[in-house]
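First the structure, in the form of structure tokens, and then the observations on it.
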Protein chains: 2
Amino acid sequence: MDSGAEGLAQVLGLFRTRGSQTRADVIAATGMARSTVNQRLEALLSAGLLCSAGENASTGGRRAERFAFDADAGRLLVADIGASGLRTALCDLGGRVLAERTEEIPVTRGPEPVLKAVDEHFARLPLPRTGPGGGPALRGVAVSVPGPVEFEAGRAVSPPIMLGWDGFDIAGHVRRRYGVTALVDNDVNVMAFGEHRAGPPGVGHLFMLKVGTGVGSGIIADGRILRGAQGAAGDIGHLPARLEEPPSPGAEPALCRCGNVGCVEAYAGGWAFARDLFPGLADEETVNAVPEALRLLRSGDHHAIRLARRSGRILGEAVAGAVSLLNPAVVVVGGQFALTGEHVLTGIREVVYRRSLPLATRSLVIRPAALGKRSGVIGLAQQLADALFAPSGIAELLPRG
Amino acid sequence: MDSGAEGLAQVLGLFRTRGSQTRADVIAATGMARSTVNQRLEALLSAGLLCSAGENASTGGRRAERFAFDADAGRLLVADIGASGLRTALCDLGGRVLAERTEEIPVTRGPEPVLKAVDEHFARLPLPRTGPGGGPALRGVAVSVPGPVEFEAGRAVSPPIMLGWDGFDIAGHVRRRYGVTALVDNDVNVMAFGEHRAGPPGVGHLFMLKVGTGVGSGIIADGRILRGAQGAAGDIGHLPARLEEPPSPGAEPALCRCGNVGCVEAYAGGWAFARDLFPGLADEETVNAVPEALRLLRSGDHHAIRLARRSGRILGEAVAGAVSLLNPAVVVVGGQFALTGEHVLTGIREVVYRRSLPLATRSLVIRPAALGKRSGVIGLAQQLADALFAPSGIAELLPRG
DNA sequence: GAACTTTTGATTGTCGACGACCAAAAGTAG
DNA sequence: CTACTTTTGGTCGTCGACAATCAAAAGTTC
């Protein structure tokens with residue numbers, strides 16, 4: 001029954017994280033006996049999860065054979081559902097994007113229409129029709145949504161901006177439709193995970209800030225996603241904002257779409273940026289005006305730049321708090337608004353390095369998302385691959401039960 | 001070499017967390033074979049780590065024998081070093097305090113004098129002179145300090161308020177002196193751990209706020225202490241404070257002892273409370289005036305109560321941020337200032353329930369430290385016991401290597 | 001007291017991981 | 001070509017975990 005699933009996962013994990021390895025490398029890294037390593041390698045090779053990868057240069061004798069994880073042994077479908085848009089991708093098992101599609105669709109339409117759109121994307125992505133000999137098979141599907149997720153159950157819980165999604169069993173929906181492993185997570189969590197994996201190994205503590213239409217964050221602590229008791233961790237966007245100038249007398253604090261007032265998002269999110277850039281806009285119009293606002297920012301409009309920089313500083317205040325609390329090694333900034341020019345990032349840096357404590361900032365790196373707009377889909381694929389290749393799931397991938 | 005250390009630790013862990021168990025319980029919980037369970041139990045019994053604990057009521061046949069972790073199989077010495085005081089304890093292996101001592105001594109004296117004071121405490125605690133037949137042996141020593149700690153190395157790093165401790169190898173010092181396992185951690189981390197273990201099982205996410213002379217916090221995420229990249233996580237005390245009233249024009253933001261201005265601690269910590277309660281006090285005197293200020297608060301002085309309540313609200317603003325970010329299941333409030341009456345706690349509750357998001361607060365519990373002033377020492381003992389009984393360390397506790 | 005339950009102790013054979021050993025393969029240095 | 005290195009593939013005995021079995025011990029119910 002067990003038959004070394006633990007060891008199989010350990011060996012496979014080695015190849016997934018460290019790339020190609022020789023037998024001797026595996027023995028040194030795992031501490032397993034040579035005979036055991038050979039057994040595991042043979043099993044993984046015959047399952048098609050490993051492949052030969054050339055030979056080492058000789059060090060005086062016979063050259064050592066290298067093996068590598070075969071990312072082409074299967075395919076993953078992922079859907080990164082944002083507040084206002086959708087990005088889907090076909091990935092290999094290593095999390096590389098082979099093909100992708102995007103679409104503008106507000107998540108507020110509700111689960112059925114949005115997941116139907118996802119299905120259409122998946123149908124049009126060039127997934128090889130999964131036959132026994134017809135190319136790599138589909139191994140799993142992963143979906144992220146812009147709100148809290150009860151991770152084990154794969155369902156959305158009390159999402160503030162996802163009308164109609166509360167309690168919807170997303171994982172069940174997907175699993176029924178595609179008959180493979182399904183995974184659901186929060187959108188910023190998966191971005192954080194993607195950036196974490198893309199970064200240098202050994203960095204276990206990462207803070208991801210997403211500044212798109214709204215503002216959210218994801219936390220990697222000790223290499224794992226920090227979800228909190230109800231899966232609601234990382235909600236930095238609805239913290240009360242600290243403003244640089246004292247509010248002018250009589251001015252009311254900004255109303256936020258979460259129903260509260262004075263949230264970070266209500267001053268520094270993408271929609272707040274559009275609202276401030278185009279005064280007099282109706283409330284319903286601000287969200288739709290975000291793309292236009294970003295165009296203006298990209299074109300170098302001075303007023304837009306000033307506003308973006310100010311957003312960055314307001315965000316910086318919140319991030320500085322998170323840095324003091326979590327002491328991450330790196331802060332990654334992503335999302336459409338933050339990735340439009342360097343203005344938001346500059347504002348964030350300005351405040352964080354001034355505000356946070358010396359020990360926490362001494363070697364702190366604040367950088368834009370290395371994966372750009374693909375942080376989410378890549379993070380989804382990485383997390384899904386982790387789930388597939390965990391000791392509990394690895395048995396299914398081997399032949400003969 | 002290995003000989004089932006993994007399994008031994010697993011079985012022992014079962015008894016440590018769930019109390020007394022029968023053989024059948026262990027088999028059900030671990031999934032190990034009966035023969036294996038018997039082997040492990042025999043080993044642990046002969047090592048004196050388990051003991052017999054009566055029998056079950058019969059369910060129709062022979063009564064099942066119960067076994068329990070024998071907390072008296074060894075002793076632990078722990079020292080909880082705070083900013084202004086020291087609390088040491090002799091504990092059993094279950095973390096129960098058998099004897100304790102306290103002393104007022106400022107940590108700023110430096111490592112040698114303070115650790116010498118710890119040694120004197122240890123010498124006076126009724127530790128049975130550890131002989132082969134002379135009572136339970138000393139198994140480990142643990143120390144906590146009020147500043148960031150590089151946990152693996154067991155040394156203090158860049159502590160803001162611990163002059164002269166930077167880089168001091170506390171664990172090495174202790175290990176050399178007592179020749180047993182030594183563990184060093186941050187004071188609030190160990191309090192968080194103690195409260196976490198004392199609370200109901202299954203609560204993996206806890207936020208600990210300590211309000212004593214200063215202000216600090218400790219984070220339990222997924223059942224483990226969150227330390228951050230440099231061991232500096234949890235520094236809530238030196239976040240910029242959000243004040244309820246707009247600062248009066250011309251008023252300068254409060255100077256903090258960390259060198260910055262406007263920190264939470266500079267408005268809501270114990271020394272700030274003393275400063276505001278006794279205006280005109282010299283800077284050097286405020287810290288020493290804290291006990292007197294707490295006496296006044298305890299006596300029901302109206303002004304003191306108002307100030308304490310205000311401190312609570314300022315702390316609440318910071319805690320609300322942490323709650324949104326971390327989504328803990330419970331917030332525990334400890335420290336001398338917070339434990340003097342309910343005033344500070346009331347202020348915190350007032351703000352957190354108003355400020356934080358519905359999902360995060362729906363089932364959030366905010367409670368005072370269940371272990372009172374002993375959170376620290378008990379947390380130290382618990383953590384030390386965990387380290388001793390981990391798979392890597394369990395071999396040393398068994399006879400015959 | 002007899003029949004039935006349940007726990008416990010002891011034995012045995014199977015299987016997988018390990019480590020030691022040997023021999024073949026592949027290459028380098030002279 | 002020869003001697004030496006290094007990797008690889010295989011065999012084999014040992015040991016620990018497991019599962020199955022049997023028998024004794026302890027207790028309940030009738």
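Each chain gets a letter, A, B and so on, in the order the sequences are listed, and its residues count up from 1.
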- [ ] Let me know which of B:D70, B:D92, B:D386 forms a salt bridge (Lys or Arg N to Asp or Glu O under 4.0 Å) with B:R16.
- [x] B:D386
Open item on the list: Donor-acceptor pair, distance only, cut-off 3.5 Å: does the side chain of A:E195 make one with the backbone of A:L371?
Closed with: yes
Task: Short side-chain N/O contact from A:Q39 to OP1 or OP2 of C:dA17, under 4.0 Å - done: yes
TODO: Could you encode protein contacts along nucleotides 7-12 of chain C as a string, one character per nucleotide from 5' to 3', using B for base contact, S for sugar-phosphate-only contact and - for no contact, with a heavy-atom cut-off of under 4.0 Å?
DONE: BBBB--
TODO: Go through the structure and list residues passing salt bridge (charged side-chain N to carboxylate O under 4.0 Å, His left out) with B:D222, not counting sequence neighbours.
DONE: A:R224
Open item on the list: How many whole angstroms separate atom CD of A:Q21 from atom P of D:dT7?
Closed with: 15 Å
Task: Rounded distance (Å) that lies between atom P of D:dT6 and atom CG of A:D25 - done: 16 Å
- [ ] Answer yes if the ring centres of B:F15 and B:F389 are under 6.0 angstrom apart, and no otherwise.
- [x] no
Open item on the list: Whole angstroms only, please: what is the CG-C1' distance between A:L45 and D:dG9?
Closed with: 14 Å
- [ ] Please determine, by modelled atom types, if A:R23 and A:N38 share a side-chain donor-acceptor pair under 3.5 angstrom.
- [x] yes
Open item on the list: One thing to verify: whether B:R18 and B:D25 come together as a salt bridge, which I'm taking to mean a side-chain N less than 4.0 angstrom from a carboxylate O.
Closed with: no
